[in-house]
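Quick note on labels: first sequence line is chain A, next is B, and so on, each numbered from 1.
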2 protein chains.
Amino acid sequence: MGWIDLDSRACSIARTLEIVGDRWTLLILRDVFNGVRRFADLQRHLGIARNVLTQRLTALVDAGILVRIPYREPGTRSRHEYEPTDRGHELLSVLLTIIAWGDRHLADASGPPVHVRHTACGADVRLVPVCEAGHAIKSASEVLIEPGPGARPARRSSSVSSQMD
Amino acid sequence: MGWIDLDSRACSIARTLEIVGDRWTLLILRDVFNGVRRFADLQRHLGIARNVLTQRLTALVDAGILVRIPYREPGTRSRHEYEPTDRGHELLSVLLTIIAWGDRHLADASGPPVHVRHTACGADVRLVPVCEAGHAIKSASEVLIEPGPGARPARRSSSVSSQMD
DNA sequence: CACCCTAGGTTCTTATTAGCAACTCAGCTG
DNA sequence: CAGCTGAGTTGCTAATAAGAACCTAGGGTG
């Protein structure tokens with residue numbers, strides 16, 4: 001078999017999923033991008049357990065994806081809300097592809113429940129895969145996922161055939 | 001506050017995450033895209049518990065993302081392996097954005113551990129957000145996630161201010 | 001034809017994570 | 001200074017994951 005037995009953990013997918021790979025984190029980010037930024041609002045809107053929300057928010061802050069910003073409403077004490085950092089904002093592309101896939105494959109009869117629009121011109125936003133040479137990619141079979149410079153061979157002692165270790 | 005209180009579950013993100021929103025499913029898909037298609041190979045390569053792998057694979061087959069394909073190696077009985085369907089292949093775009101984000105933000109000193117290349121010309125593949133009018137999107141602040149035709153107001157009785165319900 | 005091997009599971013027990021409810025804590029308001 | 005509110009923490013229960021042993025069908029080997 002022709003596949004490559006790399007360390008399954010030294011992979012950008014695995015590393016990213018350690019942060020956002022659970023049922024809540026991306027939904028929290030969706031809400032934060034939408035402007036829901038306070039603990040109680042997030043808790044109400046998502047229907048998430050309070051302790052789990054606490055845990056996810058601190059994990060996102062630790063990962064540098066959100067920052068706690070203090071604010072003060074008149075007549076109340078100082079509180080804080082959660083804002084995406086630059087690296088947090090860049091996760092929007094992940095949400096966009098998820099929305100696109102869900103809209104295509106899981107929409108019910110009433111049509112897609114979310115629209116992503118370019119604020120400036122109002123047109124819908126899509127992500128298009130292109131190669132650096134400028135060719136449009138039409139199908140997954142046109143690309144090859146292969147080890148880059150940071151790849152490491154698998155540590156697991158396996159009898160599996162491999163090209164790398 | 002100006003945000004929209006939609007039903008948090010009637011959302012393409014929530015619906016998609018019900019299928020792929022856990023720590024293993026996208027890693028399984030990564031391996032399947034890479035050609036690791038048999039139960040034992042997946043189990044060894046990922047280090048996943050066998051019962052969890054069984055459960056994830058049947059869920060992916062039920063969701064129409066993978067299909068079981070029977071095959072027969074000479075001298076053994078008929079077995080089956082897992083192949084992505086068309087809708088499964090389309091999840092590659094999600095993996096691409098995750099790889100891109102992880103490469104940018106979580107790579108260690110040795111560089112990104114994965115490369116995605118265009119088979120035809122060998123150049124690296126990226127996903128670029130564009131609007132239908134052809135404008136390139138440079139930052140998340142240039143887009144607006146808003147309710148589409150399938151959106152429903154939240155059922156949760158909340159005192160939260162809203163534009164929609 | 002009894003026995004071992006292998007791929008692809010199932011079943012059992014234990015550990016981790018999520019959900020729910022009650023409690024805390026700080027500052028404002030009456 | 002009692003009560004309210006946002007933002008948690010703590011403790012208990014339910015669901016999910018991990019680990020390991022067991023099962024099963026077909027083939028090969030002696």
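- Contact annotation for Asn51(A): base contact, defined as any heavy-atom pair under 4.0 Å involving a base atom.
- Considering only side-chain atoms of Arg23(B), the nucleotide from dG8(C), dG8(D), dA18(D) that sits closest is dA18(D).
- At a threshold of 4.0 Å, the pair Arg56(B)-Asp22(B) counts as salt-bridged, since one of the basic side-chain nitrogens sits closer than that to a carboxylate oxygen.
- Mapping Asp22(A) and Arg50(A) onto DNA chain C by nearest heavy atom places Asp22(A) closer to the 5' end of the strand.
- Look at Tyr82(A) and you won't find any side-chain N or O under 4.0 angstrom from OP1 or OP2 of dG6(D).
- The environment of CZ in Arg68(B) is crowded: more than 12 heavy-atom neighbours from other residues, nucleotides or ligands sit within 6.0 Å.
- Looking at the side chain of Ala49(A), the nearest of the listed nucleotides dC20(C), dG8(C), dA7(D) is dC20(C).
- Close to dA17(D), at under 4.0 Å from its OP1 or OP2, lies a side-chain N or O of Gln55(B).
- For Phe39(A), counting side-chain heavy atoms from C-beta on, the closest listed nucleotide (dG19(D), dA7(D), dG8(C)) is dA7(D).
- Side chains of Thr85(A) and Leu66(A) form no contact here, defined as non-hydrogen atoms less than 4.5 Å apart.
- Look at Tyr71(B) and you won't find any side-chain N or O under 4.0 angstrom from OP1 or OP2 of dA7(C).
- Atom-to-atom, CZ of Arg56(B) to P of dT10(C) comes out at 14 Å; the value is rounded to the nearest Å.
- Residue Trp24(B) has no polar side-chain atom (N or O) positioned under 4.0 Å from OP1 or OP2 of dT16(D).
- Place Arg79(A) and Ile48(A) on DNA chain C by their nearest nucleotides, and Ile48(A) ends up nearer the 5' end.
- Enclosure of atom CG in Asp124(A) by more than 12 non-hydrogen atoms of other residues, nucleotides or ligands within 6.0 angstrom is indicated.
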